[in-house]
Amino acid sequence: MRLRYFAWLRSRIGTSSEEIVLPDTVRDVGSLLDWLRQRGANYQAALADPGAVRVAVNHEYAGMAHPVTDRDEVALFPPVTGG
Amino acid sequence: MIRIVDTAFDPGAELAAFTASCPDTVGGIASFTGLVRAGPERIRSLTLEHYPGMTETKLAAIEAAAHERWKLSATVITHRVGRMTPGEAVVFVAAAAPHRAAALAACAYLIDWLKTEAPFWKLEETPSGERWVAARESDTEAAARWR
């Protein structure tokens, strides 16, 4: 899976993108976020407040129950502030 | 039409080009220009980050939804990314229609949805350091009125 991070999530995690192989326990967005939080203090800090994290799977907004696989591009970012 | 640009653009020139491209069935054009605001803290710069690919997908969807909802002749969304300074244009949105009501409503619709759906983020450089701009509840409410 390709993971992308933007804005303060990117700076807190410390990278803008990474390739990962999903463990069997990760099947949806919610379990992906739970798994990422276990990966280190930077992930824990960036993803601590679920209300501040928006998720897009293959460029479309997705909720916690949206399924994910290794073929997806998943982006994590704060609420948008364009315009 | 959707354009993401990484250099300064002239909103007057955008409007002139859009107007010139309209067919003679157009009776009115409404436009909105968003500028970098210095604000009370006198920010030094604003840097717009975005998610290439998803940005274009979302803007195209917002534009298509406006055309579905109103009888429009043409629309344009130009959004700047990268570093810019107070007074410069960040975004230009325009809608052309046979009649003004559709043009005015669609213009507001485009900018309201752009602000809540399109993946852009603002980083302000203030005299005391850099700060990510927080999303505003009023922007979410502005978009919700179109539901």
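A, B, ... follow the sequence lines: proteins, then strands. Residue 1 opens every chain.
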Are [X] and [Y] connected in the hydrophobic side-chain network, where two residues link if heavy atoms are under 4.5 Å apart?
X: B:Leu48; Y: B:Ile111; answer: yes
X: B:Trp121; Y: B:Leu46; answer: no
X: A:Leu9; Y: B:Val81; answer: no

Does [atom1] belonging to [X] count more than 12 external heavy atoms closer than 6.0 Å?
X: B:Arg37; atom1: CZ; answer: no
X: B:His67; atom1: NE2; answer: yes
X: A:Arg71; atom1: CZ; answer: no
X: B:Glu68; atom1: CD; answer: no

Measure the shortest side-chain to side-chain distance between B:Glu49 and A:Arg10 over non-hydrogen atoms and say whether it is less than 4.5 angstrom.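 Side-chain contact under 4.5 Å: yes.
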
Mind checking which of residues 38-62 of chain A sit less than 4.5 Å from chain B, heavy atom to heavy atom? A:Ala56, A:His59, A:Glu60, A:Tyr61

Nearest atoms (heavy-atom pairs only) where B:Ala118 meets A:Val80: O-CB, 3.2 Å

If I measure from the heavy atoms of chain A, does B:Thr57 come under 4.5 Å with its side chain, its backbone, both, or neither?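 Contact with chain A is through the side chain of B:Thr57 alone.
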
Where on B:Ala134 is there a heavy atom nearer than 4.5 Å to chain A: the side chain, the backbone, both, or neither? backbone

Residues at least two apart in sequence or cross-chain that pass ring-ring contact (aromatic ring centres under 6.0 Å, His included) with B:Phe120, listed by chain then number, are B:His50, B:His79

Between B:Tyr51 and A:Phe6, what is the ring plane arrangement, given parallel below 30°, perpendicular above 60°, and tilted in between? tilted

